[in-house]
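Because only heavy atoms are used, hydrogens play no part in the values below, and waters and symmetry mates are left out as well, while side chains stay in. Chain naming here is simple, since letters A, B, ... match the order of the sequence lines and numbering starts at 1 in each.
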2 protein chains.
Amino acid sequence: MTSEAVQRGTDWLGRAGLRPTRQRVALAALLVGDGKNRHVTAESLFAAAKKHGESVSLATVYNTLRAFRDAGLMQEVIVDGNRSYFDTNTYDHPHFYWEDEGRLTDAPADQVVIARLPDVPEDAEIAAVDVVIRLRKRR
Amino acid sequence: MTSEAVQRGTDWLGRAGLRPTRQRVALAALLVGDGKNRHVTAESLFAAAKKHGESVSLATVYNTLRAFRDAGLMQEVIVDGNRSYFDTNTYDHPHFYWEDEGRLTDAPADQVVIARLPDVPEDAEIAAVDVVIRLRKRR
DNA sequence: TTAAGTGCAAATTATTTGCAGTAAG
DNA sequence: CTTACTGCAAATAATTTGCACTTAA
């Protein structure tokens with residue numbers, strides 16, 4: 001965990017007005033410490049924290065991811081019924097889901113074009129358009 | 001439950017080679033008895049069965065929906081992390097999800113056009129493209 | 001000092017499973 | 001008859017919560 005990663009994490013928290021507690025800074029540094037986007041599950045982030053010798057409880061990872069999402073720092077992506085992915089890229093963009101590995105990655109937004117959206121009843125508005133492209137290894 | 005609905009349900013099961021047991025015929029009649037597409041959760045189908053005086057256990061509803069899906073009679077749609085929807089329309093088509101009500105409906109397929117899909121690594125192929133348009137009631 | 005954040009363990013929710021019975025082919 | 005199906009109750013998996021303690025502001 002470089003000091004630069006910690007700095008980035010702290011800034012990221014500050015932008016959303018979240019208190020930079022020890023646990024949050026550690027998780028934030030893992031998430032945005034290198035400036036790249038990341039897709040994690042509570043379990044995967046918990047594992048990463050442990051590997052880096054950070055002491056955080058699993059429940060706190062869950063609560064923290066929820067806090068990050070509520071603060072607008074992350075986006076929750078639902079892809080299979082039993083696991084939530086959290087994405088540091090909050091821009092509304094499509095995803096690749098690698099079914100064999102259960103891994104989620106960004107799909108280049110400029111390569112998926114939704115040409116037309118259906119008419120929507122006038123008392124409703126589109127909150128988001130979730131696009132998940134499921135990939136399967138060719139046998 | 002009209003005899004026509006039961007007939008349709010039975011035919012539907014037969015098409016997939018599933019045994020027309022009492023419970024399955026009842027559930028199938030509720031699902032496709034009127035020839036329209038339906039989006040259900042295990043709970044909602046269980047409730048519908050009870051309302052019609054059908055005796056089925058919740059576990060059997062779960063198992064039956066899974067059997068229908070495995071037999072290709074239904075499609076599972078994941079829309080929020082904690083509930084699975086099953087759709088009698090197995091054609092790969094987009095959905096509306098009414099966030100306020102937790103209700104899932106079909107979006108007219110001809111009105112959603114994905115113009116371009118991203119390039120995919122050559123050892124992978126696209127299994128499906130899930131499109132969920134989240135609708136929110138205008139305040 | 002004080003409200004927000006944390007860590008457990010226990011609770012919840014959706015779903016699956018084991019297994020003894022029941023019924024379809 | 002024999003194998004698939006059913007119904008419970010118990011098991012599981014992911015996530016949330018209650019509550020006493022800790023810590024950032």
Side-chain angles (χ1 to χ4, degrees), chain A residues 6 9-31 39-47 49-50 53-71 73-86 102 104, chain B residues 6 9-30 39-47 49-50 53-71 73-74 76-86 97 102-104:
Chain A
V6 170
T10 309
D11 290 352
W12 191 61
L13 292 174
R15 241 179 286 147
L18 290 176
R19 276 196 198 169
T21 64
R22 177 172 57 74
Q23 294 81 339
R24 284 183 178 174
V25 172
L27 296 178
L30 288 169
L31 288 168
H39 302 77
V40 299
T41 62
E43 285 289 353
S44 78
L45 183 56
F46 179 62
K50 266 216 297 220
E54 300 294 345
S55 146
V56 203
S57 79
L58 179 57
T60 295
V61 174
Y62 272 104
N63 293 337
T64 302
L65 284 174
R66 215 157 11 124
F68 288 178
R69 179 202 57 196
D70 293 346
L73 290 173
M74 301 187 85
Q75 196 191 352
E76 189 170 5
V77 183
I78 305 300
V79 72
D80 65 350
N82 49 331
R83 204 193 292 291
S84 271
Y85 290 79
F86 290 85
L104 191 74
Chain B
V6 170
T10 309
D11 290 352
W12 191 62
L13 292 174
R15 240 178 286 147
L18 289 176
R19 277 196 195 169
T21 65
R22 176 171 58 74
Q23 295 80 340
R24 284 183 179 175
V25 172
L27 296 178
L30 289 168
H39 301 78
V40 300
T41 62
E43 285 288 353
S44 79
L45 184 57
F46 180 62
K50 266 216 297 222
E54 300 294 345
S55 144
V56 203
S57 79
L58 179 57
T60 294
V61 174
Y62 272 104
N63 293 337
T64 301
L65 284 174
R66 213 158 12 124
F68 288 177
R69 177 203 58 194
D70 293 345
L73 291 173
M74 300 187 85
E76 188 169 4
V77 183
I78 306 300
V79 72
D80 65 349
N82 50 329
R83 205 192 291 293
S84 271
Y85 289 79
F86 290 84
Y97 180 61
R103 198 160 51 86
L104 190 74

* Asked: Which distance, rounded to the nearest 0.5 Å, do you find between the CD of A:Gln75 and the CZ of A:Phe86?
  -> 11.0 Å

* Would you name the heavy atoms of B:Ser84 and B:Ile78 that are closest together and state the gap between them? => OG-CD1, 3.6 Å

For residues 40-47 of chain B, which side-chain N or O atoms pair as donor and acceptor with protein atoms under 3.5 Å away, sequence neighbours left out?
| from | atom 1 | to | atom 2 | distance (Å) |
| --- | --- | --- | --- | --- |
| B:Thr41 | OG1 | B:Ser44 | N | 3.0 |
| B:Thr41 | OG1 | B:Ser44 | OG | 3.4 |
| B:Ser44 | OG | B:Thr41 | N | 3.0 |
| B:Ser44 | OG | B:Thr41 | O | 3.2 |

* Have a look at the helix from C:dT1-D:dA25 to C:dG25-D:dC1 and give the angle its two end axes make, five pairs each, rounded to 10 degrees. => 30°

* Structure fact -> d(A:Leu65 CG, A:Leu31 CG) to nearest 0.5 Å is 7.0 Å

* Any idea which heavy atoms bring A:Leu13 and A:Pro20 closest together, and the distance? -> CD1-CA, 3.8 Å

* Nucleic acid contacts of residues 56-65 of chain A, taken as heavy-atom distances under 4.0 Å to DNA chain D -> A:Ala59, A:Tyr62, A:Asn63

* Asked: Mind checking which nucleotides bracket the chain A contacts on DNA chain C, 5' to 3', with an atom under 4.0 Å from a heavy atom?
  -> C:dA3 to C:dA9

* CE of B:Met74 to NE2 of B:His39: how many Å apart, nearest 0.5 Å? -> 8.5 Å

* Would you confirm whether A:Arg22, through its side chain, and A:Ser55, through its main-chain N or O, come within 3.5 Å as a donor-acceptor pair? => yes

* Among residues 12-28 of chain A, which contact DNA chain D at a heavy-atom distance under 4.0 Å? -> A:Arg19, A:Pro20

* Structure fact -> Note: B:Ala49 and B:Val56 closest approach over all heavy atoms is CB-CG2, 4.2 Å

* Report yes if the side chains of B:Arg24 and B:Leu18 come closer than 4.5 Å at any heavy-atom pair, otherwise no. => yes

* **Residues that B:Ala59 engages under side chain to side chain contact (heavy atoms under 4.5 Å, CB included), provided they are two or more places apart** => B:Ser57

* Asked: Quick one: OG1 on A:Thr10 to CZ on A:Arg15, what's the gap to the nearest 0.5 Å?
  -> 11.0 Å

